[in-house]
Enquirer: 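What follows is a single structure, and I will ask about it in a moment.
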Amino acid sequence: MDAWDTEKAEDAVNLENDEECIVFEISSDEQKFEFIAWILDISEQEFNQGSKFLEDHNTSFCVLWRLFSYLDVFTVTVENYYVDRVYRDSYYFYFSSKHFNYARFCKRLCLFYGRLEKDFYDYLSGELEEIFMGSIVLRPIANRSIGRTLLNPRYFLPHEVPWKIRLAEYNVTVYGKKLHIRAFPYSMQDGETTSCAEITILNLLDYYSESYPEYHYILPSEISKLAEMNSFERRMPTTGLSYELISKIFCEVGFYPRLYSAQKMAKTKFRHMLYYYIESGIPVALGLKLGDENKHSVISIGHVAPDKEQIGRELSCAYDSQSRCAIWICDTADTVGSYCIMDDNKTPYQFSLCTEEKDDMADMPLLKLDGCEVEYMMVPLYKRMIMEAADAYDICLTILASAQFGIKDFMHRYMPEECGTKENPVVVRLFMASSRTFRKARDEQFQEKNHEVRDLYNMTIFPKFIWVCELATRELYAEGRVMGEVIIDATSSADRKTDSFIIIHYPGVICRRMPEDCAEARDAEFEEIKDWHLFQAFHDNLDTNAWINSVY
């Protein structure tokens, strides 16, 4: 026998089978093993060597086996003639020209939590959506067969790990049932039409095209054409793409990307910028170096919750020479160590530790992600996101320590202890947000208290995107509350410096500027707020799991 057939699968799992719909109920490791072996056409000889052998020798089996290990009892529907747009594109422009025959159709698995108590067709879409865990496309390609995969991370991450991840809303239609899911796309490279670089482009564009109408999705054949236009050799079969070429392709499809090299800047600054962009809800591509020659590309989409114990261990000082005022700062970027990574060599939503490590062969420390050296970060920015993260951070710190707009004269009004010292530093959290999402969140927060602040925010005109620097103390940050914020115009340039601010909000006062106030900011003045209260931090850029509330 060359492979496990349907009869073998029927003996392994409880099966509801008719001509149109195949439904499997899986409740044990043995059934998981039998099902994966059957769906991947694993030979009997390989099957008899056990799961450990297949984990080491079959990447698709390894990913499915580890994904299923998170689940106790679940139900799977199988579609045998599924048309996947990415594989079908690769098939017609590449695989169909080969001598040996490749199948045109894929299979698609849809996973549901627990058992189905009635026939699949008897369920309403809303009932199935409540237990829908995601979908997995299986391409007819040996070993690397996992195609476009959309999984709800709540089912596939350890419950005890609090996380913050950027997701998008997707529609999945399963045998006429239209379901919705929040996920980030995942796929494996096929090794011929796609490498890790093309998969990085495909998954990022899948997310952005689903989230924003300004962007459209492109297929492997289109990536190949764009790569050929900007290179000097054939692109098929693929040998990968440099990060300069990846950035160029994003330029061609309507982005204004920013490419950072870890070798050309301080590693701490690079790590901080990674945090700022992730906290802004912007998935970024990371170029890794594996050993001396191999390169790899992954996507970072989130991070674990900040470690409260790290607050205050790393300090920096904002100093104004005119006022001779020094404010000690704790950056929340130093409280995050692990980032959520989408790596086509591993299961989706893996957390990887980002550290600075000394290297005897290098003059400077190396930035590493789970032991792999980080070389590049490509940030796919929207055209109105002009100001970069590092510039926004520097401007905010300049404002906090300035003679005219500094925070030191206002903190004592509502803070029982002196803030901005080494013993009690100001905790800053920097992120970018769309003004629409940010204003909506603040309007809701200020409804119960801070009515004056609410009205002033609502009367202020914002650009499409803003940089926000939230201010807190150790205690306030641990409670998820802030004592003020500085809002910067993201469409401004770095050389505008403090003239870029829109709102400076401290305890009991607000200084704000309108679009017509394009002159120097020194003419702006603070307004007193009679009834002022602390307010909640903004967390609408990223999705969180239920356990995050115990941390923030």
Enquirer: For Arg513 and Asp499, work out which heavy atoms get closest and say how close.
Expert: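 The pair with the smallest heavy-atom distance is NH1-O, 2.6 Å.
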Enquirer: Answer yes if the side chains of His296 and Lys289 hold a donor-acceptor pair under 3.5 Å, and no otherwise.
Expert: no
Enquirer: Is there a donor-acceptor pair closer than 3.5 Å between any side-chain N or O of Glu373 and the backbone N or O of Leu288?
Expert: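 Answer holds: no.
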Enquirer: Under the 3.5 angstrom rule, does the side chain of Arg271 hit a backbone N or O of Leu367 as a donor-acceptor pair?
Expert: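 No; judged by distance alone, with no hydrogens or angles, the pair does not exist.
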Enquirer: Quick one: does any side-chain atom of Ser209 pair with a main-chain N or O of Asp206 as donor and acceptor, under 3.5 Å?
Expert: yes
Enquirer: Mind checking whether Ile341 and Ile299 have side chains closer than 4.5 Å, heavy atoms only?
Expert: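 No, every pair of side-chain atoms sits at 4.5 Å or beyond.
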Enquirer: Compute the ring centroids of His505 and Phe526, then answer whether they are less than 6.0 Å apart.
Expert: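 So the answer is no for these two rings.
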Enquirer: For Leu151, does its backbone N or O pair with a side-chain atom of Tyr349 as donor and acceptor, under 3.5 Å?
Expert: yes
Enquirer: Does a salt bridge link Glu356 with Lys269, judged by any charged N lying under 4.0 Å from a carboxylate O?
Expert: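 No salt bridge links Glu356 with Lys269.
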Enquirer: Distance to the ring centre below 6.0 angstrom and angle to the axis at most 45 degrees; does that hold for Arg436 and Phe462?
Expert: no
Enquirer: Do Asn203 and Ser187 have side chains that approach each other closer than 4.5 Å (heavy atoms only, starting at C-beta)?
Expert: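 Yes, side chains in contact.
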Enquirer: Arg454 side chain to Asp443 main-chain N or O, any donor-acceptor pair under 3.5 Å?
Expert: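 Here the side-chain-to-backbone pair does not exist.
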Enquirer: When the aromatic ring centroids of Phe446 and Tyr457 are compared, is their separation below 6.0 Å?
Expert: yes
Enquirer: Taking atom types as modelled, is there a side-chain donor on Ser247 or Glu244 under 3.5 Å from an acceptor on the other?
Expert: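 No donor-acceptor contact under 3.5 Å links the two side chains.
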Enquirer: Hey, is the main chain of Pro463 close enough, under 3.5 Å, to the side chain of Asp489 for a donor-acceptor pair?
Expert: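 Here the side-chain-to-backbone pair does not exist.
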Enquirer: Between atom OG of Ser280 and atom CE of Met385, what is the distance when rounded to the nearest 0.5 Å?
Expert: 8.0 Å
Enquirer: For residues Val426 and Thr473, determine if any side-chain heavy atom of one lies less than 4.5 Å from a side-chain heavy atom of the other.
Expert: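 Counting from C-beta outward, Val426 and Thr473 never come under 4.5 Å.
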Enquirer: Could you state the interatomic distance from CD1 (Ile466) to OG (Ser500), rounded to the nearest 0.5 Å?
Expert: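 Answer for the CD1-OG pair, Ile466 versus Ser500, is 13.5 Å.
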Enquirer: Relative to each other, are the rings of Tyr260 and Tyr277 parallel, tilted or perpendicular (30° and 60° limits)?
Expert: tilted
Enquirer: Is the OH atom of Tyr113 crowded by more than 12 outside heavy atoms at less than 6.0 Å?
Expert: no
Enquirer: Return yes if a side-chain donor-acceptor contact under 3.5 Å exists between Tyr186 and Arg148, otherwise no.
Expert: no
Enquirer: Would you check if there is a donor-acceptor pair between the side chains of Ser434 and Thr437 at a distance under 3.5 Å?
Expert: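 Side chains of Thr437 and Ser434: pair found under 3.5 Å.
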Enquirer: Between Arg166 and Glu210, does at least one N-O distance fall below 4.0 Å, as a salt bridge requires?
Expert: no
Enquirer: Looking at Glu452 and Lys530, would you say the former's side chain and the latter's main chain have a donor-acceptor pair under 3.5 Å?
Expert: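 Indeed, once roles are kept as given, a pair shorter than 3.5 Å links the two residues.
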Enquirer: CD/Glu475 to CG/Asn424 distance, rounded to the nearest 0.5 angstrom?
Expert: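 Here the rounded value is 6.0 Å.
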Enquirer: Side chain of Asn230, backbone of Leu226: donor and acceptor closer than 3.5 Å?
Expert: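 Yes; judged by distance alone, with no hydrogens or angles, the pair exists.
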Enquirer: Would you check if there is a donor-acceptor pair between the side chains of Asp531 and His533 at a distance under 3.5 Å?
Expert: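 Asp531 and His533 do have a side-chain donor-acceptor pair below 3.5 Å.
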Enquirer: Start with the C-alpha distance between Phe405 and Phe501, add both sets of side-chain angles, then the distance that settles ring pair (Phe, Tyr, Trp, His ring centres under 6.0 Å), and finish with yes or no.
Expert: CA-CA 11 Å; Phe405 301 114; Phe501 87 81; 5.2 Å; yes
Enquirer: Aromatic rings Phe255 and Tyr215: how do their planes relate, parallel, tilted or perpendicular, breaks at 30° and 60°?
Expert: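 Phe255 and Tyr215: parallel rings.
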Enquirer: Could you report the tightest heavy-atom contact between Glu525 and Cys511, atom names first, then the distance?
Expert: O-SG, 3.5 Å
Enquirer: Would a 4.5 Å heavy-atom cut-off, applied to side chains only, mark Leu369 and Leu353 as touching?
Expert: no
Enquirer: Answer yes if the side chains of Gln404 and Ser402 hold a donor-acceptor pair under 3.5 Å, and no otherwise.
Expert: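 Short answer, no.
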Enquirer: So how far is it from Trp328 CH2 to Thr421 OG1, rounded to the nearest 0.5 Å?
Expert: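 So the gap between those two atoms works out to 10.0 Å.
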Enquirer: Counting neighbours of CD on Gln447 that are heavy atoms of other residues, nucleotides or ligands and sit closer than 6.0 Å, is the number greater than 12?
Expert: yes
Enquirer: Decide yes or no on side chain to side chain contact (heavy atoms under 4.5 Å, CB included) for Thr332 and Val428, but give the supporting numbers first.
Expert: CA-CA 6 Å; Thr332 56; Val428 300; over 6 Å; no
Enquirer: Between Ser221 and Asp89, is there a side-chain donor-acceptor contact under 3.5 Å, judged purely by atom types and distance?
Expert: yes
Enquirer: Main chain of Met387, side chain of Trp467: is a donor-acceptor contact present, judged purely on distance under 3.5 Å?
Expert: yes
Enquirer: What are the two closest non-hydrogen atoms of Trp163 and Leu157, and how far apart are they?
Expert: NE1-CD1, 3.3 Å
Enquirer: Would you call Lys164 and Glu279 a salt bridge, taking side-chain N to carboxylate O under 4.0 Å as the test?
Expert: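 Looking at Lys164 and Glu279, the cut-off is met.
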Enquirer: For the residue pair Tyr256 and Tyr382, is the inter-centroid distance of their aromatic rings smaller than 6.0 Å?
Expert: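 No, too far apart.
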Enquirer: Measuring only between side-chain heavy atoms, which start at C-beta, is Ser135 closer than 4.5 Å to Leu111?
Expert: no
Enquirer: Are the aromatic rings of Tyr275 and His303 close, with centres under 6.0 Å apart?
Expert: yes
Enquirer: Do Thr149 and Val137 have side chains that get closer than 4.5 Å, going by heavy atoms?
Expert: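 Side-chain contact under 4.5 Å: no.
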Enquirer: Would you sort out whether Arg182 and Glu129 count as a salt bridge (Lys or Arg N to Asp or Glu O under 4.0 Å), showing the intermediate values?
Expert: CA-CA 11 Å; Arg182 289 194 64 77; Glu129 190 170 300; over 6 Å; no
Enquirer: Would you indicate whether the side-chain heavy atoms of Ile327 and Ile329 approach each other to under 4.5 Å?
Expert: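 Yes, close enough: below the 4.5 Å cut-off.
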Enquirer: Measuring from Met342:CE to Ser300:OG, what's the distance to the nearest 0.5 Å?
Expert: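 Answer rounded to 0.5 Å: 11.0 Å.
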Enquirer: Between OG of Ser435 and CZ of Arg384, what distance do you get to the nearest 0.5 Å?
Expert: 13.0 Å
Enquirer: Decide yes or no on side chain to side chain contact (heavy atoms under 4.5 Å, CB included) for Ser297 and Tyr243, but give the supporting numbers first.
Expert: CA-CA 9 Å; Ser297 181; Tyr243 253 70; 2.7 Å; yes
Enquirer: Quick check: closest heavy atoms across Cys110 and Phe132, and the distance to 0.1 Å?
Expert: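 Closest approach of Cys110 to Phe132: CB-CE1, 4.1 Å.
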Enquirer: Could you walk me through whether Ser352 and Tyr339 satisfy the side chain to side chain contact (heavy atoms under 4.5 Å, CB included) test, starting with their C-alpha distance in whole Å, then the side-chain angles of each, then the deciding distance to 0.1 Å, before giving a yes or no?
Expert: CA-CA 5 Å; Ser352 298; Tyr339 288 86; 5.8 Å; no
Enquirer: Assess, by modelled atom type and distance only, whether the side chains of Asn171 and His180 contain a donor and an acceptor separated by less than 3.5 Å.
Expert: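 Present: a donor and an acceptor within the cut-off.
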Enquirer: On a heavy-atom basis, which atom in Ala390 and which in Met273 lie closest, and how many Å separate them?
Expert: CB-SD, 3.8 Å
Enquirer: State plainly whether the residues Lys295 and Glu375 are in salt-bridge range, i.e. N to O under 4.0 Å.
Expert: yes
Enquirer: Applying side chain to side chain contact (heavy atoms under 4.5 Å, CB included), run through Asn450 and Trp532 and close with a yes or a no.
Expert: CA-CA 5 Å; Asn450 286 319; Trp532 185 88; 4.0 Å; yes
Enquirer: Taking the side chain as everything from C-beta on, heavy atoms only, tell me whether Tyr170 gets closer than 4.5 Å to Pro185.
Expert: yes
Enquirer: Please confirm whether the ring centroid of Tyr276 lies under 6.0 Å from the ring centroid of Tyr393.
Expert: yes
Enquirer: Return the minimal non-hydrogen interatomic distance between Gln445 and Gln536, and the atom names on each side.
Expert: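 Nearest pair, atom of Gln445 first, then Gln536: OE1-O, 3.3 Å.
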Enquirer: Say whether, by atom type as modelled, one donor and one acceptor occur between the side chain of Glu527 and the main chain of Val509 under 3.5 angstrom.
Expert: no
